[in-house]
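Notes follow the structure.
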There are 4 protein chains.
Amino acid sequence: MRQQKPKYKQIIDAAVIVIAENGYHQAQVSKIAKQAGVADGTIYLYFKNKEDILVSLFQEKMGVFIEKIRSEIAGKTSSAEKLYLLVEKHFTWFAEEPHLAIVTQLELRQSNKDLRLRINEVLKGYLDVVDEIIQSGKRAGEFRESLNLRLTRQMIFGTIDEMVTTWVMNDQKYDLVATAKEVHELIVSGCGNH
Amino acid sequence: MRQQKPKYKQIIDAAVIVIAENGYHQAQVSKIAKQAGVADGTIYLYFKNKEDILVSLFQEKMGVFIEKIRSEIAGKTSSAEKLYLLVEKHFTWFAEEPHLAIVTQLELRQSNKDLRLRINEVLKGYLDVVDEIIQSGKRAGEFRESLNLRLTRQMIFGTIDEMVTTWVMNDQKYDLVATAKEVHELIVSGCGNH
Amino acid sequence: MRQQKPKYKQIIDAAVIVIAENGYHQAQVSKIAKQAGVADGTIYLYFKNKEDILVSLFQEKMGVFIEKIRSEIAGKTSSAEKLYLLVEKHFTWFAEEPHLAIVTQLELRQSNKDLRLRINEVLKGYLDVVDEIIQSGKRAGEFRESLNLRLTRQMIFGTIDEMVTTWVMNDQKYDLVATAKEVHELIVSGCGNH
Amino acid sequence: MRQQKPKYKQIIDAAVIVIAENGYHQAQVSKIAKQAGVADGTIYLYFKNKEDILVSLFQEKMGVFIEKIRSEIAGKTSSAEKLYLLVEKHFTWFAEEPHLAIVTQLELRQSNKDLRLRINEVLKGYLDVVDEIIQSGKRAGEFRESLNLRLTRQMIFGTIDEMVTTWVMNDQKYDLVATAKEVHELIVSGCGNH
DNA sequence: GATGAATGAGTTTTCATTCAT
DNA sequence: AATGAATGAAAACTCATTCAT
C-alpha cells in the first residue's frame, strides 16, 4: 500500500478538482501543486510522474468504491438485487462526487493508450464484481445458463458507463440515480417484450 | 457539401492510417501530409486545422456507414431483425476497417471536450437510427411499451460500443462479428431468465 | 518608367487600402490581389515580389507629390514662402489621403532595414527639394549663412515627419493642416525669443 | 517593480546585442537565450512573451536615461542650457551605446502598432522632460510666449530623433555628439536669419 | 522532507512564391 | 496575359521534470 501521509491524499483530491474544472490538458502539475498547497517538486516525492497521479487517483477512488459495493452486496442472496445495488450505488457514487464523474468519464479518457491499459487494470476489480454477480445469477437460475460471461459483463458495464457518460456530457442536469430502476430492468430483461 | 477532389479523401485516408499506427499524439500533420503524398500546407487548403481533419474523418466515415445501415434495415419489418442488422453491420464495418476501429474507439476519444461535442453531433445520426428501431419495435409490440427511449438507446449504444472497444483493446484478436448474435440476444432479452 | 497598364495602378491602390486597414503584417499578397480584383499570380507579372509592391507604391505616390511641390514653389521667390508651401502641401497631401498617411507613417516602417534603405532612395528626391529651399534661402539672406545644410534638412524633415506621425498615431483626429503656419514659424524661428 | 535578479538584466542586454546584430526579424528567442546564457524557457520566467522583452528593454534603458537627464538639468537655470544638455546627453547616450541606438532607431520601429503604443507610453516620460524645459523657458522669457507646447515638443523630439536615425542609417560613421551645438542652435533659433 | 528556479524538447500553421494550364 | 492550387520553410512558447539548497 502507498504512503498514507496527508500530502498524498491532498494531492489526489487537488488533482480531481483541478482536472474537473480545467480539463485534462489544462491541468498542469503546477496547478495541481498550487491547489494542493505544496510545491511543484513535492508532487514528485509522492508520485512517479504526472500519469502516476491519474492512475493513483483512479486506483484510490475506485478501490474504495469497489469495497463499498462488495460489502453492500455481501448480504444479498438475489442476483437481481445485487445487480440493482451495483447500478444504484454506481450512480449514487458519481452523483455525490460530480468532480470525480467528470474526471473518470471525460478527462481520464483523453489519456494515451498506455495509461488506459493501466486504468483497465484497476477496472478489473470492478469487472470482477460484475462477473461474480453474473455467475451467482447463473448458478441460482436467475440468469440464463447460456450467458456468455465476457459479453454479459461488457453489456452491463457498457450500459452503466454510457449512462454516466451521457449524464456528465449533459452537465449532470438530470437525476441519474432516479434512472437506476429502469436501467436495471433494461439489463435484466433487455428491450424485448416477453 | 465539401469538395470531393481526390486530395480531400487522400488526406482523410492518410489520417486514419497515421493515427491508427502512431496514436493520436504522435500523428503530426507533417506525418499525415507525407502519408497522403501532399505538402504540409496543402492540408490547410482542405481542412481548417488539425482538429478539423478528425471531425471530417468521423463525419465522412460515419455518414457513409449510417446510410448503409439505413438502406439495410429499410426492407425489414421485424424490429429484432433490424436491431440484429445494426449490431452485425456495426461489427462487420469495424472488422473490415481495423484502422478506423482503432481511431474511433481509442484515439478519437483522446481529443478534448469541444471536439467530442462535435463528434457527438455526428453520432446523433446513428442514435436516430437506434431510436427509430426502438420506436418501430414498440409500435409493433415486439418491444415493451414501457421502454424509456433515451435509456434504451443508451443501453444499446453503450453495449455495442463497449464490445468494439474491448475488442480493439484486445488487439482485435478474436472474431467480433461472431459475437453479433449473442450481443443481439443480450440486448433484446437482457441477462434475465424468462 | 514602369508599365502603366491599368492593373499596375489597381494593385498599388489596393495595397494602400489593404495595408492601411489591416496593418503591414496582415496585408497578405492574396488579400491585396483580392482587393485589386486579380489573381495572386498576376501580382508577380507586375511586381518582382511583395517588397517591390511597397517600394513601387512609395515611389509612385511620393514621385507625384514631389512634382506637385516643385511646381507649387517654382514661382515663389521668398524661401520662407517656399518652406511654408512645403509644410502646408505635405500636411494637405496626407490629410487628403488618410490611408496613405497610415501606410507611410506607421506600416511602411515595419519593414526591414533593406527596404528602408530603398525607401530612403525615394525620399532623396523630397530631401533635394528641402535642400534647394535651404540653399536659396541662404543665398537670398533669408536664412543664416552658417546653416549646416545636412542638419537643417534633418531638422526640417524630422519636424514635419514627427508632426504627421503624431497626428496619425492620434487617429488623425485633429486638423493637421491648421498647424502648418505654426510649424513653419517653429522651423524658421526656432523656439527662441528674439 | 520588476525583479532585479541578474537574469532579467542578462536577457535584456543579450536582446540588445542580438537584435542590433541580426535585426528584429532574425532575433529569435532562442538566439537571445543563447546569448544570455540561459535556456529558452527561462526567458518566459522573466518576460511574458517576445514583445515584452522589447518593451521592457526600452523601459529599462529609457527609464535610466530619463533619470540621468533630469538630474543633469536639475541644477541649471537657463532653459537654453537645459535644452543643450538634453541634446548633448541624448547624442552621447547613443554614441556610447551603438547597439542600443540601432535597436531603438531602426529595429524597434518594425514592431506592430500595439507595441508602438506601449513604447509611446515609455516615451511619455522623455517628452515630459521636454515639456518642462519649454515651459520653464517660456516662464523665464527665454522662449516665445506664443509657443504651442505640443508642436514645439514635436519639433524638438522630431529633430533630435531624425538626427540620431540618420546617423544610425549612415552606420554611425560620423561624430554625432559633435553636432549637438549646431542642432541646439537650430532648435532655438530655427533656420531664419534674425 | 520540501522547495521552486531552471531546463529544453517538440509541433502547428502561415503565406510568399511558383508554374502548369 | 492570367490563373490559383500547391508548395515547404520557419519559430514562439509550454510544461513535465530535475536538483541544488
Side-chain angles (χ1 to χ4, degrees), chain A residues 3 5-8 11 25-34 36-54, chain B residues 3 5-8 10-11 25-34 36-53, chain C residues 3 5-8 11 25-34 36-54, chain D residues 3 5-8 10-11 25-34 36-53:
Chain A
Q3 314 179 47
K5 309 222 175 162
K7 285 195 180 164
Y8 175 75
I11 292 165
H25 290 295
Q26 281 307 303
Q28 293 88 349
V29 171
S30 62
K31 227 179 236 169
I32 295 172
K34 194 172 186 181
V38 301
D40 292 16
T42 305
I43 299 266
Y44 292 85
L45 298 175
Y46 294 92
F47 301 90
K48 214 167 84 261
N49 50 36
K50 188 182 176 181
E51 195 174 288
D52 191 33
I53 305 177
L54 293 174
Chain B
Q3 311 180 49
K5 297 208 180 179
K7 284 195 180 157
Y8 175 73
Q10 263 175 51
I11 293 165
H25 291 296
Q26 280 307 304
Q28 293 88 348
V29 171
S30 61
K31 233 178 232 168
I32 296 171
K34 196 171 185 181
V38 299
D40 292 17
T42 305
I43 301 267
Y44 293 87
L45 296 177
Y46 296 92
F47 301 91
K48 218 167 81 261
N49 50 37
K50 189 181 175 181
E51 191 175 293
D52 190 34
I53 305 178
Chain C
Q3 314 178 47
K5 309 221 175 161
K7 284 193 180 163
Y8 175 74
I11 293 165
H25 290 296
Q26 280 308 302
Q28 293 87 349
V29 171
S30 62
K31 227 179 237 169
I32 295 171
K34 194 172 186 181
V38 300
D40 293 17
T42 305
I43 300 267
Y44 292 86
L45 298 175
Y46 295 92
F47 301 91
K48 214 167 85 260
N49 51 35
K50 187 183 178 181
E51 193 175 290
D52 191 34
I53 306 177
L54 294 173
Chain D
Q3 311 180 49
K5 296 207 179 176
K7 285 198 177 154
Y8 175 73
Q10 263 174 53
I11 293 165
H25 290 296
Q26 279 307 304
Q28 292 88 347
V29 171
S30 62
K31 231 178 233 169
I32 296 172
K34 195 171 187 181
V38 301
D40 293 16
T42 305
I43 300 268
Y44 293 88
L45 297 177
Y46 296 92
F47 301 91
K48 217 166 83 262
N49 50 36
K50 190 182 174 182
E51 192 176 291
D52 191 34
I53 306 178

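Order of the sequence lines fixes the chain letters, A, B, ..., with proteins taken first and strands second; residue numbering starts at 1 for each chain.
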(request) Considering non-hydrogen atoms only, spot the tightest contact between Gln28(C) and Lys50(C) and give its length. (result) CA-NZ, 4.4 Å
(message) Is the shortest side-chain heavy-atom distance between Asp52(A) and Asn49(A) below 4.5 Å?
(response) yes
(request) Report the distance from atom CZ of Phe47(B) to atom P of dA6(F), rounded to the nearest whole Å. (result) 12 Å
(request) Could you state the atom-to-atom distance from CG of Asp52(B) to C1' of dT13(E) in whole Å? (result) 14 Å
(request) Please report the closest heavy-atom contact between Tyr44(A) and Val29(A), naming both atoms and the distance. (result) OH-CG2, 3.8 Å
(request) Please report the closest heavy-atom contact between Asp40(B) and Ala33(B), naming both atoms and the distance. (result) OD1-CB, 3.5 Å
(message) What is the separation between atom CD1 on Ile32(B) and atom P on dT7(F), rounded to the nearest whole Å?
(response) 16 Å
(request) Please check if the side chain of Lys31(B) supplies one atom and the backbone of Gln26(B) the other of a donor-acceptor pair under 3.5 Å. (result) yes
(request) Any chance you could measure Tyr8(B), atom OH, to Thr42(B), atom OG1, to the nearest 0.5 Å? (result) 15.5 Å
Between the protein and nucleotides 11-15 of chain F, which nitrogen or oxygen pairs come in under 3.5 angstrom?
from	atom 1	to	atom 2	distance (Å)
dA11(F)	OP1	Gln28(D)	NE2	3.0
dA12(F)	OP1	Lys50(D)	NZ	3.0
dA12(F)	OP2	Val29(D)	N	3.1
dC13(F)	OP2	Tyr44(D)	OH	3.0
dC13(F)	OP2	Lys50(D)	N	3.1
dC15(F)	OP1	Gln28(A)	NE2	2.9
dC15(F)	OP2	Gln28(A)	NE2	3.2

(message) Expressed as a whole number of angstroms, how long is the span from Tyr46(D):OH to dT7(E):C1'?
(response) 12 Å
(message) Can you measure Ile43(C) atom CD1 to dC19(E) atom P for me and round it to whole angstrom units?
(response) 18 Å
(message) Which heavy atom of Ile11(C) sits nearest to which heavy atom of Tyr46(C), and what is that distance?
(response) CD1-CD1, 4.1 Å
(message) Taking only side-chain N and O atoms of Lys7(B), does any of them lie within less than 4.0 angstrom of OP1 or OP2 on dA5(F)?
(response) no
(message) Once pairs are restricted to Watson-Crick or G-U wobble with both distances under 3.5 Å, how does DNA chain F read as a dot-bracket string, [ ] for crossings and | for other-strand pairs?
(response) .||||||||||||||||||||
(request) Enter the distance from Ile32(A):CD1 to Ile43(A):CD1 here, rounded to the nearest 0.5 Å. (result) 6.0 Å
